[in-house]
Amino acid sequence: MDMKKENAVVVSQEMLADGIFSMWIQTDAAQTAKPGQFISMYTKDGSKLLPRPISICEINKADGQLRVVYRVTGENTGTKQFSELKEGDEIPVIGPLGNGFPLEKAEGKKAFLMGGGIGVPPILELSKQLSCECKQIVVGYRDAHTFLKEEFEQNGSLYISTEDGSVGTKGNVMDAIRANALEAEIIYACGPTPMLRAIKQYAEENNIVCYISMEERMACGIGACLACVCQSKEKDHHSNVHNKRICKDGPVFLSTEVEI
Ligand code: FAD
Ligand code: FES
């Protein structure tokens, strides 16, 4: 499908925690967006030609708005520029991009919805839309600067881990599962690669269906440049190689499909 760039309009912007911002934008992408998809956001600065991929955190279809929650990565960065946008400012975006989480697989099952770091935001819309037997949200943060906690509490049973132990279980999301003796039949997860690797291994050892969303670095974001490929078990039908493009074939994959 051909995606065209659109000038979205900033509806609101606020800081949720140290360096973590939440922005609602008015965009046509809200009409078709699904949990687990992302949008590519452009800066106005000509030195940064490539857009920045940011997950969709919440969808308000009725008002045509999307929410993104993002971490500012440094002083002279694209995310720093996004954080300076004010209500009414325009921001060029493309989206929704990627495949999203398969919601129907959780029907009647006990599920883990797991997020770590900047992989936490997409878990919110997932937790709102997923219908399952038992919704256990397990999210991991660095420290007491947690975000989206109240929203998660309204959408499932919430378990938190922090690296420094200041809130919830000390350690990572896997430590929170063990500390609370939680069990699941299906897992949805998004976060940094080491976290996804641990979840993939746990799921495969325990025969649990597991979908992971990968937030690797990207360039074009639309499947054209191959900057984002990861190794796959099966050969790709088109290129006949063991590769998958995270931006186009993902970012969500069945854990058994990809090598990480
Ligand atoms: P750059 O100037 O490009 O880099 C600054 C620093 O950030 C460098 O140290 C660089 O190594 C690091 N960095 C750049 N890209 C990444 C990355 N992908 N992962 C980790 N570190 C990175 N971020 C959010 O805060 N919220 C989200 O919801 C979110 N969703 C994403 C969804 C997808 C599918 C992908 C691929 C990435 C997502 N990211 C998200 C990461 C986000 O795209 C990067 O943080 C952003 O592109 C950095 O751009 P920048 O101009 O601020 O930093
Ligand atoms: Fe270009 Fe994925 S970022 S193909």
Side-chain angles (χ1 to χ4, degrees), residues 3 13 15-25 29 33-59 66-85 91-101 115-126 139-142 145 147-148 151 188-196 211-232 236 238-239 241 243-253 258 260:
M3 281 291 184
Q13 166 108 269
M15 194 166 90
L16 297 184
D18 196 24
I20 305 282
F21 287 78
S22 165
M23 182 161 71
W24 279 98
I25 55 171
K34 293 187 297 188
Q37 287 189 302
F38 65 96
I39 54 172
S40 273
M41 300 175 33
Y42 289 81
T43 65
K44 290 268 157 106
D45 173 358
S47 71
K48 294 185 175 49
L49 291 178
L50 292 169
R52 276 32 185 177
I54 303 287
S55 299
I56 293 167
C57 170
E58 263 190 281
I59 304 168
L66 290 181
R67 183 186 194 186
V68 286
V69 168
Y70 59 95
R71 171 172 284 141
V72 172
T73 59
E75 266 317 305
N76 191 22
T77 59
T79 44
K80 172 77 179 167
Q81 288 183 28
F82 299 151
S83 72
E84 287 160 356
L85 293 171
I91 172 163
V93 304
I94 293 185
L97 299 171
N99 54 358
F101 290 112
I118 53 163
V120 167
I123 301 303
L124 180 55
E125 186 62 34
L126 176 70
V139 282
Y141 304 90
R142 287 178 186 164
H145 297 291
F147 48 91
L148 302 175
E151 286 98 324
Y188 296 89
C190 184
T193 304
M195 168 187 144
L196 296 181
Y211 291 93
I212 53 176
S213 180
M214 304 212 273
E215 295 195 333
E216 286 300 325
R217 304 209 68 177
M218 285 184 185
C220 75
I222 53 169
C225 73
L226 304 185
C228 66
V229 290
C230 67
Q231 275 217 310
S232 61
D236 180 85
H238 308 289
S239 55
V241 290
N243 276 343
K244 281 195 190 291
R245 295 161 301 177
I246 294 176
C247 68
K248 185 91 178 176
D249 307 317
V252 179
F253 296 98
V258 286
I260 53 172

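We count ligands from 1, going down the list as the structure has it; atoms in each ligand are counted the same way. Quick caveat: nothing in here was measured; it's all calculated off a predicted structure. Residue indices begin at 1 and follow the sequence shown.
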Participant: For a side-chain contact (heavy atoms from CB on, under 4.5 Å) with Leu126, tell me which candidate from Cys190, Pro35, Ser213 qualifies.
Facilitator: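 Only one option passes, and that is Pro35.
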Participant: When you measure from atom 48 (C) of ligand 1 to every protein heavy atom, which one gives the shortest distance, and what is it?
Facilitator: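 In this structure, atom 48 (C) of ligand 1 has Thr73 CG2, 4.0 Å as its nearest protein heavy atom.
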Participant: Return yes or no for this condition: an N or O of Arg52 is under 3.5 Å from an N or O of ligand 1.
Facilitator: yes
Participant: Of all the atoms in ligand 1, which lie at a distance below 4.0 Å from a heavy atom belonging to Thr79?
Facilitator: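 With Thr79 as reference, the close atoms of ligand 1 come out as 50 (P), 51 (O), 52 (O).
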Participant: Hey, is ligand 1 close enough to Pro53 that some N/O pair sits below 3.5 Å?
Facilitator: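 Min N/O separation from ligand 1 is below 3.5 Å for Pro53.
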Participant: Examine Gly78 against ligand 1 and note whether any of their N/O atoms are separated by less than 3.5 Å.
Facilitator: yes
Participant: Counting only heavy atoms, which portion of Val69 has something under 4.0 Å from ligand 1: side chain, backbone, both, or neither?
Facilitator: backbone
Participant: Could you list the atoms of ligand 1 found under 4.0 angstrom from a heavy atom of Tyr70?
Facilitator: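 That gives atoms 24 (C), 25 (O), 26 (N) of ligand 1.
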Participant: List ligand 2 atoms under 4.0 Å from Gly221, heavy atoms only on the residue side.
Facilitator: 1 (Fe), 3 (S)
Participant: Which of the atoms in ligand 2, numbered in the order shown and given with their element, are less than 4.0 Å from a heavy-atom of Cys247?
Facilitator: 2 (Fe), 3 (S), 4 (S)
Participant: Do protein heavy atoms approach atom 50 (P) of ligand 1 to less than 4.0 Å?
Facilitator: yes
Participant: So that I can check it, does any N, O or S atom in Cys220 come closer than 2.8 Å to atom 1 (Fe) of ligand 2?
Facilitator: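 Yes, Cys220 qualifies, because one of its backbone or side-chain N, O or S atoms lies under 2.8 Å.
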Participant: Closest by any non-hydrogen atom to atom 23 (N) of ligand 1: pick that one out of Ile246, Ile56, Ile118.
Facilitator: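 Nearest heavy atom to atom 23 (N) of ligand 1 lies in Ile118.
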Participant: Considering only non-hydrogen protein atoms, determine which one is nearest to atom 36 (C) of ligand 1 and report residue, atom name and distance to 0.1 Å.
Facilitator: Glu216 O, 2.7 Å
Participant: Under a 4.0 Å heavy-atom limit, does Glu215 contact ligand 1 with its side chain, its backbone, both, or neither?
Facilitator: both
Participant: Could you tell me, atom by atom, which parts of ligand 2 come under 4.0 Å of a heavy atom of Ala224?
Facilitator: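 Result: 4 (S).
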Participant: Is the closest protein non-hydrogen atom to atom 8 (C) of ligand 1 under 4.0 Å?
Facilitator: no
Participant: Which residue and non-hydrogen atom of the protein lie closest to atom 2 (O) of ligand 1, and at what distance in Å?
Facilitator: Thr77 CG2, 3.6 Å
Participant: Give a yes or no on whether atom 31 (C) of ligand 1 lies under 4.0 Å from any heavy atom of the protein.
Facilitator: yes
Participant: In ligand 2, which numbered atoms sit nearer than 4.0 Å to a non-hydrogen atom of Cys228?
Facilitator: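 Every atom of ligand 2 under 4.0 Å from some heavy atom of Cys228: 2 (Fe), 3 (S), 4 (S).
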Participant: So which heavy atom in the protein is nearest atom 28 (O) of ligand 1, and how far is it from that ligand atom?
Facilitator: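 Protein heavy atom with the smallest distance to atom 28 (O) of ligand 1: Ser55 N, 3.2 Å.
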Participant: Please write down residue, atom name and distance for the protein heavy atom closest to atom 4 (S) of ligand 2.
Facilitator: Leu226 N, 3.1 Å
Participant: Relative to atom 25 (O) of ligand 1, which among Met41, Arg217, Arg71, Arg67 owns the nearest non-hydrogen atom?
Facilitator: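 The option holding the nearest heavy atom is Arg71.
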